[in-house]
Amino acid sequence: MVRRVSTRPRAPPGTGGATPFPPGRWRRPPMVDLPPKETQFIDWYLAVVEAADLSDKRYPVKGMNVWTRYGMRARRNLDAVLVREIEATGSEAVEFPALIPQTEFAKEKDHIKGFDAQVYWVTRGGLSELDVPLVLRPTSETAMYPIFALWVRSHQDLPLTVYQIVNTFRYETKTTRPFVRIREIHFFEEHTCQLDEAGATERVRSNLAAFAKMATAFALPYVALRRPEWDKFAGAYYSVAFDTPVGASRTLQIGSVHHYRENFSVPYGIRYEAADGSAKFAHQTTFGLSERLLGAIVAVHGDQKGAVFPSSIAPYEVVVVPIPSADAPDVPERAAAEVASRLRAAGRRVFLDEGPDRPGAKYFRWELRGVPLRLDVGRREAEAGTATAVDRYGRKGPVALASLAADVARRLEEFDRTLAERARAAFTASFARASTLDELAGSTKIRVVAWCGQEECGHRIEAALDGALLGTPEEALPIDAGPLDRCVACGRPDGLRWALAAHPL
RNA sequence: GGGACUGUGGGGUAGCUUGGUCCAUCCUUCGGGGUUCGGGACUCCGAGACGCCAGUUCAAAUCUGGCCAGUCCCA
């Protein structure tokens with residue numbers, strides 16, 4: 001594509017006009033209103049992803065979309081948070097190959113059963129049929145564990161704690177949606193080997209704590225739920241998943257942590273010699289995240305004007321918009337370039353929008369794209385040595401050039417605080433208890449129910465809601481649900497625990 | 001796996017029932033010119049599409065069949 005160069009005079013060198021960012025344009029969003037988020041959530045979501053230029057879904061393979069420049073900026077910022085938090089817990093990066101021999105893939109019976117229907121196969125190399133067909137990884141247990149068996153020999157090799165961020169592939173048969181249900185997944189996966197079950201349990205706990213920090217950076221409220229037996233990860237001893245509410249009674253799973261016990265280490269021979277000389281199998285855990293996090297950020301924070309990004313992952317934290325002036329043509333441009341330059345020097349991600357569009361058109365575009373803070377610089381500001389700040393929620397005020405970095409930092413903090421408060425309020429409002437099965441039907445809330453733990457009752461709950469029993473909370477309930485008195489399905493008072501039920505997106 | 005529906009420029013659409021008035025409508029987008037520029041500017045000129053293959057017919061976006069792709073519902 002040919003990049004258009006502005007016909008407008010550029011700021012001369014030495015005034016901060018030189019930009020380290022490509023001056024190229026972003027694709028223009030269509031000038032149409034978004035569908036209402038409240039009543040047409042899916043349509044709204046798809047329109048925002050498209051209009052905010054996060055992903056190009058026109059790639060001719062279902063469920064495989066193109067990451068745009070703007071979307072990549074968000075993804076890199078998001079990944080940086082994941083890397084920062086997981087490495088803070090001692091995990092180290094590795095990278096395994098994408099292809100797995102069928103013979104290795106088939107070793108853990110439940111695992112292969114769980115993924116059977118959704119793996120891509122490579123059966124030919126050039127013109128020859130392969131003797132052993134290769135699986136394109138849907139997840140990497142079966143790629144890593146034969147090698148883990150070589151790495152782990154002694155208790156001194158444990159714990160083994162590694163992660164990788166790679167693409168995985170799943171032949172999804174249902175309707176695909178950008179970031180949320182796709183066939184090529186941008187996947188973060190941590191795999192660990194521990195001395196024993198207690199060690200693995202401790203790693204699960206550590207992962208829950210790490211995820212709490214990540215979610216804070218994204219301002220995503222969530223519940224950590226232990227999935228019911230019938231919905232745990234294929235091959236797991238148990239699974240804890242993170243769900244965040246999006247839309248009426250809908251939830252999006254944004255991550256999961258699994259305790260494998262010895263389920264994989266036995267078939268893959270991940271065995272070590274303990275201090276007392278005995279041979280033992282490692283206990284394993286995994287922790288998985290994906291670009292669903294980005295989808296959740298769009299879904300949770302976005303509004304009728306478009307996306308809203310927390311500053312931690314916003315492609316640009318600040319966009320600077322010069323307001324042209326007929327009687328002083330160069331003045332606003334130079335002042336705006338100066339503002340952008342100073343903010344970059346202070347480490348901010350800044351876009352200087354020198355494009356030929358009118359200011360109003362730029363405002364709409366950057367609101368659609370979810371930039372936290374806009375700085376307008378016109379003749380008035382240029383003469384006063386200020387800029388006019390407007391955050392994504394429309395709060396407006398002057399910032400002085402002399403205290404620019406500090407003022408911008410303060411406004412971004414305030415923006416992030418508001419973003420988090422709004423998300424928290426919406427989160428809390430999305431739960432409600434159901435004391436009878438009748439209350440579940442047609443529910444527009446995520447339902448908190450008392451459950452006896454029996455599978456039959458679980459399925460009755462799912463049938464009544466026409467949704468899924470998400471699981472039992474690992475931590476405190478998000479709302480005060482009242483007394484835990486009797487099972488919502490069978491009415492018995494034994495073995496009770498809280499459970500959440502909703503419609504997974 | 002079973003059923004229903006839908007494929008028209010980059011995005012969204014009108015036209016399809018009753019074949020011809022369609023070298024296909026409108027919005028948006030894209031390229032160029034001019035006037036503009038503090039919340040989606042106006043104007044002039046220009047660009048861009050009937051999913052694929054066959055069939056019926058003087059004539060197919062429109063009817064028929066197959067295929068491909070997608071959406072929804074049910075198992």
Side-chain angles (χ1 to χ4, degrees), chain A residues 1-9 24-35 40-66 68-70 116-118 171-178 180-183 303-306 319-336 339 353-369 371 373-384 386-399 459 462-463 466-467 503 505:
Chain A
M1 186 199 279
V2 176
R3 187 170 280 164
R4 187 171 64 183
V5 176
S6 173
T7 52
R8 215 173 274 285
R25 296 178 336 201
W26 303 108
R27 205 167 86 214
R28 282 188 197 188
M31 204 176 73
V32 291
D33 292 330
L34 298 170
Q40 299 176 47
F41 178 77
I42 298 291
D43 294 333
W44 170 87
Y45 174 79
L46 295 172
V48 170
V49 170
E50 165 109 29
D53 199 19
L54 294 167
S55 176
D56 195 327
K57 63 180 181 192
R58 294 173 297 181
Y59 192 79
V61 178
K62 175 183 162 87
M64 295 190 183
N65 303 323
V66 177
T68 60
R69 291 172 295 166
Y70 196 64
D116 220 9
Q118 45 175 253
Y171 184 75
E172 186 60 65
T173 54
K174 290 186 186 165
T175 304
T176 57
R177 307 204 183 289
V180 169
R181 193 180 299 129
I182 44 188
R183 285 176 165 180
D303 61 22
Q304 215 48 52
K305 289 158 128 187
V319 59
V320 182
V321 178
I323 312 291
S325 173
D327 41 337
D330 284 353
V331 173
E333 300 250 327
R334 297 167 76 131
V339 167
D353 192 349
E354 298 174 289
D357 295 314
R358 293 160 66 95
K362 294 179 182 177
Y363 301 162
F364 274 85
R365 184 171 328 135
W366 293 110
E367 281 163 5
L368 193 50
R369 292 186 172 146
V371 173
L373 193 66
R374 193 181 83 224
L375 293 178
D376 294 346
V377 182
R379 197 181 152 184
R380 291 202 297 262
E381 286 86 353
E383 284 168 356
T386 63
T388 298
V390 185
D391 77 9
R392 181 57 177 70
Y393 295 124
R395 291 175 300 199
K396 197 166 180 175
V399 295
H459 291 316
E462 295 187 325
D466 190 22
H503 301 97
L505 190 66

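Residue numbers start from 1 in every chain, and the chains themselves are labelled A, B, ... in the order their sequence lines are given, proteins ahead of strands.
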Integer-rounded Å distance: B/U13 P and A/Asp33 CG: 16 Å
hbond_proxy A/Glu367 side chain to B/G40 base (donor-acceptor, 3.5 Å cutoff): no
For nucleotides 67-71 of chain B, print each protein N/O atom paired with a nucleotide N/O atom at under 3.5 Å, atom names and distance only.
| residue | atom | partner | partner atom | Å |
| --- | --- | --- | --- | --- |
| B/U71 | OP2 | A/Lys62 | NZ | 2.9 |

Distance, nearest 0.5 Å, that separates CZ of A/Arg69 from CG of A/Asp53: 7.5 Å
Whole-Å distance separating the CG atom of A/Asp357 from the C1' atom of B/C30: 13 Å
Donor-acceptor pair (no angle test) under 3.5 Å: A/Glu50 side chain, B/G12 base: no
Complementary nucleotide of B/A24, counting Watson-Crick and G-U pairs under 3.5 Å: none
Candidates B/C37, B/G38, B/G39 - which lies nearest the side chain of A/Ala326: B/C37
Rounded distance in Å - CG (A/Leu368) to C1' (B/G40): 11 Å
Closest nucleotide among B/G39, B/C37, B/G38 to the A/Phe364 side chain: B/G39
Whole-Å distance separating the CG atom of A/Leu54 from the C1' atom of B/G11: 16 Å
Partners passing salt bridge (charged side-chain N to carboxylate O under 4.0 Å, His left out) against A/Lys57 (at least two apart in sequence or in another chain): A/Glu50
Nearest-angstrom distance from the residue atom CG of A/Asp53 to C1' of B/U29: 13 Å
Rounded distance in Å - CZ (A/Arg380) to P (B/C37): 14 Å
Interatomic distance where NZ belongs to A/Lys396 and P belongs to B/G39 [whole Å]: 8 Å
Integer-rounded Å distance: B/C73 C1' and A/Ile42 CD1: 16 Å
